[in-house]
Amino acid sequence: MQVYDAPIRDMRFNLEELHNDDGFGDTEGFEDFDPDTMVAILEEANKLAKEVLLPINWPGDQEGCRLENGVVRTPKGFQEAYKQFCESGWAGLAVDPKWGGQGAPHVLAKMVEEMSCSSNLSFGLYPGLTNGAIIALEGYGSEDLKEFYLPRMTSGEWSGTMCLTEPHCGTDLGMLRTKAVPQDDGSGLITGNKIFISAGDHDLADNIIHLVLARLPDAPDGVKGISLFLVPKYLPHDDGSLGDANNVICTAIEHKMGLKASATCQMSFDDSKGWLIGEPNKGLEAMFLMMNTERVAVGIQGLGVGEIAYQSAVYYAKDRIQGRSLSGVKNPDAAADPIIVHPDVRRMLMTMRAYNEGSRALSAWVARALDASHAAKEPEAKERAADFVALMTPVVKALFTDLGHESSHLGIQVYGGHGYVQETGVEQFARDARIAQIYEGTNGIQALDLVGRKLPHRMGRNLRAFFHPVSNFIEENGADPKIGKMVGGLQQSFGALQLSTGHIARKGMKDPEEAAAAASDYLRLLGFVAMGYTFAKAAQLAHAKLEEGTSEAEFYKSKLITAQFFFDRLLPVATAQFMAITSGKASMMDLPAEAF
């Protein structure tokens with residue numbers, strides 16, 4: 001059974017308590033979003049998630065999308081849900097009010113995003129892709145393009161996509177072949193084929209605005225010769241009404257393992273009219289603004305799936321009776337005890353819970369930094385926040401999606417055979433979660449980005465935004481009798497991270513393959529240390545609240561237990577990762593290709 005109710009109390013903890021001392025200072029422009037307002041928004045978003053999106057999640061997966069007469073049809077209920085989503089203003093929650101958005105902070109918007117990812121990940125991709133397109137257009141588009149397109153995209157009247165991948169060209173965009181021929185009116189005619197285009201066509205919005213990577217005639221080879229164009233499905237008139245079709249055709253939709261209610265399209269552009277975004281041959285700069293935004297969003301997808309998998313597993317574990325508790329009968333009036341009494345079931349549930357709470361805490365910290373990078377009052381704080389976001393973006397994308405996928409499989413395991421069959425709906429979580437480890441740059445690519453770009457950038461400056469607060473916390477709280485043991489565990493794992501960083505820096509300068517061989521383990525180690533830091537801070541806050549005599553004692557006691565589980569059972573993997581990182585590349589690279 002698919003069970004979901006947004007964890008608003010934990011979200012509030014992250015909004016109101018955990019990150020108050022993150023060092024980024026005050027931000028400007030969010031004065032309308034006081035704590036009461038943000039809680040009200042979360043509660044309304046939860047209603048939408050539970051009452052509108054969740055009921056069409058499993059049926060939408062069963063029905064899937066279909067291509068009829070050149071138009072993609074979404075499953076039953078999706079059009080009505082999208083209309084309600086847009087009319088309620090959710091499409092423009094974090095968009096600048098200048099374009100008709102509400103201007104909410106990212107730290108709030110990401111929590112709303114988590115709800116849509118939990119309740120209906122396929123649905124969430126449609127407005128999610130539009131959000132990314134808005135960010136790219138706002139950052140690099142001409143004023144004319146922004147003033148014409150952004151209000152209509154912000155309202156959800158028009159949606160957006162990103163069109164990068166071609167049949168022969170995925171991560172290696174230097175091989176891209178789509179062409180753009182300049183026209184006298186300043187536009188370009190775009191010709192080429194794209195694949196794996198999420199929301200490439202659908203029946204939810206009136207028009208679809210594609211951001212397409214293409215090459216101009218004199219473009220240099222490789223990635224330095226790629227430009228970005230805005231290509232609408234229908235050419236709009238000056239008043240915004242829709243004119244002729246623009247030769248943008250969905251030729252097929254992919255038949256996928258999961259996300260069946262999200263249209264993943266093969267797209268053909270045939271002299272389709274488009275307008276340059278940014279400068280010629282510098283399209284990747286604009287597209288990466290969108291991609292980095294999407295990478296954080298994909299991380300939230302992993303968290304969202306992990307949360308609904310956890311809640312659904314808890315529901316079943318409390319309801320399903322099998323066997324007796326090893327410590328004595330707990331349910332004498334029934335033939336057996338509920339399976340939640342069994343230690344191995346608890347192991348799985350606590351692992352999922354800790355993954356979710358740790359990911360939520362880290363995502364809130366990154367989102368808070370994202371807000372500060374634009375809106376902090378102090379220039380130094382803006383710079384430091386931007387460094388932190390740069391460092392953590394690949395970690396959020398890769399680690400959260402790995403953990404979300406692990407949680408989806410743990411959820412199936414809790415259900416046993418009932419999890420493997422379709423009727424309960426929990427196997428859908430594993431199928432939906434799997435793609436998040438692949439798209440927007442595979443998790444291996446994220447790890448390479450972390451060690452190859454983010455670590456050495458400006459002599460390691462990105463790392464300082466993370467290392468300094470963790471180091472200071474350890475120094476200040478190591479002797480605290482309440483959390484000293486946790487701080488000790490954090491110190492040990494942080495030491496492993498520091499030594500691993502030095503190892504990669506030394507070896508990687510001589511042999512890039514050494515750094516690449518260590519990359520995935522290093523990313524996971526960095527992410528777990530960051531989660532350990534947030535859990536130690538959370539435990540410190542929980543102890544303080546309990547000493548004060550809070551009326552929410554159960555919440556804070558649960559937070560302490562979850563934090564202790566993380567330090568006891570999950571963080572110790574840091575030692576193994578350190579050993580793997582420092583073992584070198586030999587056992588990975590020495591086997592000849594012919595021997596595989």
Side-chain angles (χ1 to χ4, degrees), residues 6 32-33 37 40-57 60 65 71-104 106 108-138 146-162 198-211 230 232-234 236 239-242 261-263 290 293-294 297 300-301 304:
D32 291 340
F33 294 90
T37 300
I41 290 172
L42 292 176
E43 289 173 346
E44 286 302 311
N46 188 31
K47 289 180 184 177
L48 179 81
K50 290 195 302 181
E51 298 172 9
V52 178
L53 301 185
L54 183 61
I56 60 173
N57 186 41
C65 294
V71 177
V72 172
R73 302 297 179 188
T74 53
K76 181 180 179 180
F78 270 58
Q79 283 187 318
E80 294 79 4
Y82 184 78
K83 181 179 180 182
Q84 185 172 342
F85 183 90
C86 294
E87 288 179 349
S88 301
W90 298 112
L93 180 61
V95 181
D96 192 327
K98 179 179 181 180
W99 313 119
Q102 297 182 49
H106 285 92
L108 173 66
K110 291 303 176 189
M111 292 177 181
V112 172
E113 210 170 294
E114 180 193 329
M115 295 184 198
S116 64
C117 293
S118 285
S119 57
N120 196 322
L121 182 54
S122 286
F123 178 91
L125 288 182
Y126 294 102
L129 266 295
T130 305
N131 254 351
I134 287 171
I135 288 170
L137 182 55
E138 186 176 33
K146 289 191 285 189
E147 290 176 6
F148 187 79
Y149 285 94
L150 285 179
R152 295 174 173 88
M153 295 171 73
T154 299
S155 69
E157 177 187 354
W158 296 352
S159 67
T161 74
M162 53 191 295
S198 297
D201 196 78
H202 53 80
D203 55 4
L204 303 181
D206 294 338
N207 202 1
I208 302 174
I209 311 305
H210 301 280
L211 300 192
L230 182 154
K233 178 180 178 179
Y234 296 105
D239 63 357
S241 60
L242 300 184
S262 169
M290 179 177 185
T293 301
E294 289 301 309
I300 300 300
Q301 292 174 19

- Query: Under the side chain to side chain donor-acceptor pair (under 3.5 Å) test, which residues partner Asp201, sequence neighbours left out?
  - Reply: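 Asp201 satisfies side chain to side chain donor-acceptor pair (under 3.5 Å) with Lys233 only.
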- Item | Non-neighbouring partners of His106 that pass ring-ring contact (aromatic ring centres under 6.0 Å, His included), sequence neighbours left out |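 Partners of His106 under the ring-ring contact (aromatic ring centres under 6.0 Å, His included) test: none.
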- Message: Can you pull out every salt bridge (charged side-chain N to carboxylate O under 4.0 Å, His left out) where at least one residue sits in residues 44-55? Sequence neighbours excluded, please.
- Response: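 Checked against salt bridge (charged side-chain N to carboxylate O under 4.0 Å, His left out) - neighbours excluded - the pairs reaching residues 44-55 are Asp5-Lys50, Glu44-Lys47.
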Give a yes or no answer on whether the side chain of [X] reaches the backbone of [Y] with a donor-acceptor pair at less than 3.5 Å.
X	Y	value
Thr130	Gly160	yes
Asn46	Ala6	yes
Ser88	Phe85	no

I'd like to check [X] versus [Y] (side-chain heavy atoms, cut-off strictly below 4.5 Å). Are they in contact?
X	Y	value
Trp99	Glu147	yes
Ile41	Phe33	yes
Ser262	Phe123	no
Asp32	Thr37	no

- Query: Of the non-hydrogen atoms in Pro97 and Gly103, which two are nearest, and what is the gap between them?
  - Reply: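 Closest approach of Pro97 to Gly103, heavy atoms only: CD-CA, 3.8 Å.
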- Validate the cation-pi geometry between Arg152 and Phe148: distance from NZ or CZ to the six-membered ring centre under 6.0 Å, angle to the ring axis within 45°.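 Positive - Arg152 is close enough to the ring of Phe148 and near enough to its axis.
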- Item | Chi angles and distances behind the side chain to side chain donor-acceptor pair (under 3.5 Å) call for Thr161, His210 | CA-CA 5 Å; Thr161 74; His210 301 280; 2.8 Å; yes
- Just do the salt bridge (charged side-chain N to carboxylate O under 4.0 Å, His left out) check on Glu80 and Lys83 with the steps written out, would you? CA-CA 5 Å; Glu80 294 79 4; Lys83 181 179 180 182; over 6 Å; no
